[in-house]
Amino acid sequence: MNCFGSSKKPVRRSSMPADERCAKSQLYRQVEEHKWPIVYSPEYNLSVLGLEKLHPFDAGKWGKVYHKLVAEGMISKETVVEPVEATTDDLLLVHTSRYLDSLTSSATVARITEVPPAAMVPNSVLQTKFLRPMRLQTGGTVLAGKLALERGWAINIGGGFHHCSADDGGGFCPYADITLCLKFLFVKKLIHKALIIDLDAHQGNGHENDFLGDDKVYILDMYNGSIYPHDERAKKAIRRKIELRSYMADEEYLEKVQTHVAGALNEFKPDFVMYNAGTDILINDPLGRLSITPDGICQRDQIVFEECRKRNVPVVMVTSGGYQKDTGPIIADSILNLWRKKLIQWQPASEHVRKNGQAIAKASHDEL
């Protein structure tokens, strides 16, 4: 993997004022009361002429999360929020025109996805099969930010593209959804201070480059210091940096999570938390090179939600990296654990799922 630097061409930005851009956007749509603050679309999942199989990322993991939550009776199709795709106008709140224009080159998309044969695929196919699903996930993260402020928490089953910044992408991250979510909240004056808790195995150099020098954003980044991206410039933005040794296991890892999540919340006292919950910390992950068990991942996420809830701070969780076929079910297990521990609740949605389940069961019985 490479850490991609920005080119030296002049940067073009749109002249539309940020507040006008946010007001024009359709991403902040109204959500019905009976829906969970959980955002997902079946169109999140990728199928790019089989090219997705050339990257270790599980291109269908988001669907695996959703289907397990449905199977366990937590959610239903009617109670999940479907996002709106982020448009070019939305993306220009953060991204440069130059960067967005560069995505019309298949070679650029191949570089970002780290799948070289993608350079030979017509860009129209990549737009439809890869970039559009990523724009939907980006819109999902922005909407999750609004939902978290309204309901105390939200989860985007996708998102977490923490290697993408305003003027560059990489590491399978084409859009800066974390930056965009926070920019919407700041521009709309819904928050004044935000904490990013990045617990993906990789350094979150995208949002770090975007918020370098911005004292409204405090970044806690706990990552394996021996792997991609080694972005020294971006590290200057990290207020609480914890570089982990390879193959660290549960006990030591969870102790660090507890200490530093609580420490960051106490030190900064944010209005809002963006939690990047990558599962590439899982034991045997080929890219993360840590040794955290599935139970350790559940405990990690529980710590974050417990600490936010203690302080009544709204939190958005995005799912980010994870490069094994069982990461989807593990993410679902973690969400189910949060639900069963009553750390995430939304009574109208629970009641809707319960009543709908009873109606389906009655209809099945009547047919007999």
Side-chain angles (χ1 to χ4, degrees), residues 26-47 52 57-86 90 129-162 172-175 177-178 180-181 274-279 297 301 305 314-322 325-339 343-346 348-350 352-353 356-357:
Q26 300 299 308
L27 296 181
Y28 266 29
R29 72 177 187 81
Q30 289 300 311
V31 172
E32 298 92 329
E33 187 79 0
H34 72 273
K35 292 182 181 285
W36 283 98
I38 296 176
V39 186
Y40 171 75
S41 167
E43 293 182 74
Y44 279 10
N45 301 286
L46 304 175
S47 179
E52 69 279 1
F57 193 87
D58 181 0
K61 81 169 187 177
W62 307 287
K64 293 176 182 177
V65 177
Y66 167 78
H67 288 296
K68 185 160 189 179
L69 296 180
V70 171
E72 293 293 330
M74 178 184 177
I75 65 174
S76 66
K77 181 180 179 181
E78 293 77 19
T79 60
V80 169
V81 180
E82 288 214 27
V84 175
E85 177 186 351
D90 295 324
K129 298 292 189 177
F130 175 67
L131 291 173
R132 183 174 185 275
M134 297 294 102
R135 290 192 294 268
L136 272 168
Q137 293 195 34
T138 297
T141 300
V142 174
L143 179 55
K146 172 182 183 288
L147 285 168
L149 288 185
E150 295 172 348
R151 304 186 183 185
W153 64 275
I155 296 172
N156 182 12
I157 288 178
F161 307 137
H162 68 156
F172 213 74
C173 300
Y175 300 112
D177 67 316
I178 290 173
L180 192 65
C181 177
M274 170 63 70
Y275 173 37
N276 197 48
T279 45
I297 288 174
D301 296 347
F305 275 78
V315 55
V316 166
M317 173 176 159
V318 289
T319 58
S320 203
K325 296 301 181 184
D326 54 351
T327 56
I330 289 169
I331 294 167
D333 285 340
S334 183
I335 294 171
L336 290 165
N337 177 63
L338 296 173
W339 175 49
L343 291 168
I344 56 173
Q345 300 178 72
W346 189 248
S350 294
H352 185 92
V353 173
N356 191 52

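Every heavy atom of this structure was used, including side-chain atoms; hydrogens, water molecules and symmetry mates were not.
Closest non-hydrogen pair, A86 versus T138, comes out as CB-CG2, 4.2 Å. Shown here for G160 and S320, the closest heavy-atom pair between the two residues is O-OG, 2.9 Å. For K64 against K325, the heavy-atom pair with the smallest separation is NZ-O, 3.3 Å. Considering every non-hydrogen atom in both A144 and A154, the closest pair reads O-CB, 3.3 Å. In this structure, T141 and G159 approach most closely via the heavy-atom pair OG1-CA, 3.9 Å. Among all heavy-atom pairs drawn from V315 and A148, the shortest one is O-CB, 3.8 Å.
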Full working for side-chain contact (heavy atoms from CB on, under 4.5 Å) between K129 and L46:
CA-CA 6 Å; K129 298 292 189 177; L46 304 175; over 6 Å; no
Residues L27, V84; criterion side-chain contact (heavy atoms from CB on, under 4.5 Å); working and verdict:
CA-CA 6 Å; L27 296 181; V84 175; 4.2 Å; yes
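The distance from the OG1 atom of T79 to the CG atom of N356 is 8.5 Å, given to the nearest 0.5 Å. Note: M74 CE to W346 CH2 = 13.0 Å, rounded to the nearest 0.5 Å. Here T279 contributes atom OG1 and K61 contributes atom NZ; the two are 4.5 Å apart, rounded to the nearest 0.5 Å. Between the OG atom in S76 and the CH2 atom in W36 there is a gap of 10.5 Å [rounded to 0.5 Å]. Between atom OH of residue Y44 and atom OG1 of residue T319 there is a gap of 8.5 Å, rounded to the nearest 0.5 Å.
Judged purely by atom type and a 3.5 angstrom limit, W153 uses its side chain to pair as donor or acceptor with the backbone of Q345. Using modelled atom types, no side-chain atom of D301 and backbone atom of I335 make a donor-acceptor pair closer than 3.5 Å.
Tested against I157 for a side-chain contact (heavy atoms from CB on, under 4.5 Å), the candidates V39, L69, V318 yield a single pass: L69.
For residues 67-82, the pairs satisfying salt bridge (Lys or Arg N to Asp or Glu O under 4.0 Å) are K68-D333, E72-R340, with sequence neighbours left out. Residue pairs meeting the salt bridge (Lys or Arg N to Asp or Glu O under 4.0 Å) criterion with at least one partner in residues 130-149, sequence neighbours excluded, are E43-R132, E85-R132, E85-R135, K146-E150.
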